[in-house]
Amino acid sequence: MTLTGNVPRIVGREVRAALAPILDRTGAIDQWVVHPGGRSILDRFEQAMDLDESALQRSRAILRDYGNMSSATVLFILADLLGDPTVAVGEQVLVTAFGPGLAVESAAARIAPRQPADTTESVRVGQADSARS
């Protein structure tokens, strides 16, 4: 698949209006998880949304380290975000990816408290299974 060189320009021109309905419902965004189709797409997104250059640091880092992995790229960015102990409970996250025909797919979420793994239950299930063997 190849993309036209016009994609960054189109993103820059259209993304604010495309995201307006979700942003109207959610309010301020604390964390941005943006599909990095390329450096210039991130640059145009950042400009169009009036973001500080640090807002897309995770997207830029994943693009730098792994490249554009198509839609799955946002999952790598999201995993990085969820693994960061400095991200606070309650922060508002916007996940945005670009698809065929330059569709903009988005989801908003809040960071929930991290739940410790319940190893006791896992051990009991494992013991019961081995006892039946």
Side-chain angles (χ1 to χ4, degrees):
M1 180 172 104
T2 59
L3 298 176
T4 174
N6 292 327
V7 169
R9 183 182 52 78
I10 296 167
V11 166
R13 185 184 68 215
E14 304 293 337
V15 75
R16 183 179 274 290
L19 294 178
I22 198 167
L23 293 172
D24 288 345
R25 286 192 309 274
T26 60
I29 302 298
D30 301 304
Q31 299 287 337
W32 295 84
V33 175
V34 179
H35 172 230
R39 190 181 77 242
S40 58
I41 289 176
L42 292 176
D43 291 345
R44 294 290 184 113
F45 185 97
E46 188 177 273
Q47 291 167 357
M49 300 305 294
D50 295 322
L51 299 176
D52 180 83
E53 66 183 43
S54 65
L56 301 182
Q57 71 171 4
R58 289 180 200 284
S59 295
R60 292 181 189 284
I62 295 299
L63 179 62
R64 181 191 63 239
D65 295 346
Y66 299 99
N68 179 3
M69 300 172 282
S70 194
S71 302
T73 311
V74 294
L75 298 176
F76 280 70
I77 302 163
L78 192 55
D80 184 67
L81 174 74
L82 295 175
D84 184 344
T86 67
V87 174
V89 170
E91 286 191 40
Q92 183 71 52
V93 180
L94 184 70
V95 180
T96 301
F98 305 105
L102 207 51
V104 178
E105 303 291 339
S106 299
R110 288 208 179 271
I111 299 294
R114 289 169 175 80
Q115 300 294 320
D118 186 358
T119 55
T120 307
E121 186 63 29
S122 298
V123 170
R124 271 192 249 138
V125 170
Q127 289 172 343
D129 288 345
S130 63
R132 282 186 236 152
S133 300

What distance do [X] atom [atom1] and [Y] atom [atom2] have between them, rounded to the nearest 0.5 Å?
X	Y	atom1	atom2	value
Ile77	Gln31	CD1	CD	12.0 Å
Arg114	Leu82	CZ	CG	7.0 Å
Leu56	Arg39	CG	CZ	13.5 Å
Leu23	Met49	CG	CE	4.5 Å

(request) Sequence neighbours left out, what pairs pass side chain to side chain donor-acceptor pair (under 3.5 Å) with at least one residue falling in residues 9-30? (result) Arg16-Asp50
Does any part of the side chain of [Y], heavy atoms only, come nearer than 4.5 Å to the side chain of [X], both counted from C-beta?
X	Y	answer
Trp32	Glu46	no
Val104	Leu19	yes
Asp80	Asp84	no

(request) Identify the heavy atoms of Val74 and Ala97 that sit nearest to each other, and give their distance. (result) CG1-CB, 4.0 Å
(request) Compare every heavy atom of Ala48 with every heavy atom of Val15, then report the nearest pair and how far apart it is. (result) CG1-CB, 3.7 Å
(message) The criterion is side-chain hydrogen bond (donor to acceptor under 3.5 Å, both in side chains); which residues satisfy it with Ser106, sequence neighbours excluded?
(response) Thr96
(request) Tell me whether Leu63 is reachable from Val7 by hopping between hydrophobic residues (I, L, V, M, F, W, Y) whose side-chain heavy atoms are closer than 4.5 Å. (result) yes
(request) For Leu81 and Val87, run side-chain contact (heavy atoms from CB on, under 4.5 Å): C-alpha distance rounded to whole Å, both residues' side-chain angles, the deciding distance at 0.1 Å, then the answer. (result) CA-CA 7 Å; Leu81 174 74; Val87 174; 3.7 Å; yes
(message) Using a 3.5 Å distance criterion without hydrogens, assess whether the side chain of Gln92 forms a donor-acceptor pair with backbone atoms of Ala109.
(response) yes
(request) Check for a donor-acceptor pair, side chain of Arg110 on one end and backbone N or O of Gly90 on the other, with a separation under 3.5 Å. (result) yes
(request) Sort out for me which residue in Asn68, Ile41, Val95 forms a side chain to side chain contact (heavy atoms under 4.5 Å, CB included) with His35. (result) Asn68
(message) Would Leu42 and Val34 count as a side-chain contact (heavy atoms from CB on, under 4.5 Å) here? Give the steps.
(response) CA-CA 8 Å; Leu42 292 176; Val34 179; 3.9 Å; yes
(request) Before accepting this row, confirm whether a basic side-chain N of the pair Arg60/Asp43 lies closer than 4.0 Å to the acidic partner's carboxylate O. (result) yes
(message) Using 30° and 60° as the class boundaries, would you call the ring planes of Phe45 and Phe98 parallel, tilted or perpendicular?
(response) perpendicular
(request) With sequence neighbours excluded, give me every ring-ring contact (aromatic ring centres under 6.0 Å, His included) pair touching residues 60-79. (result) Tyr66-Phe76
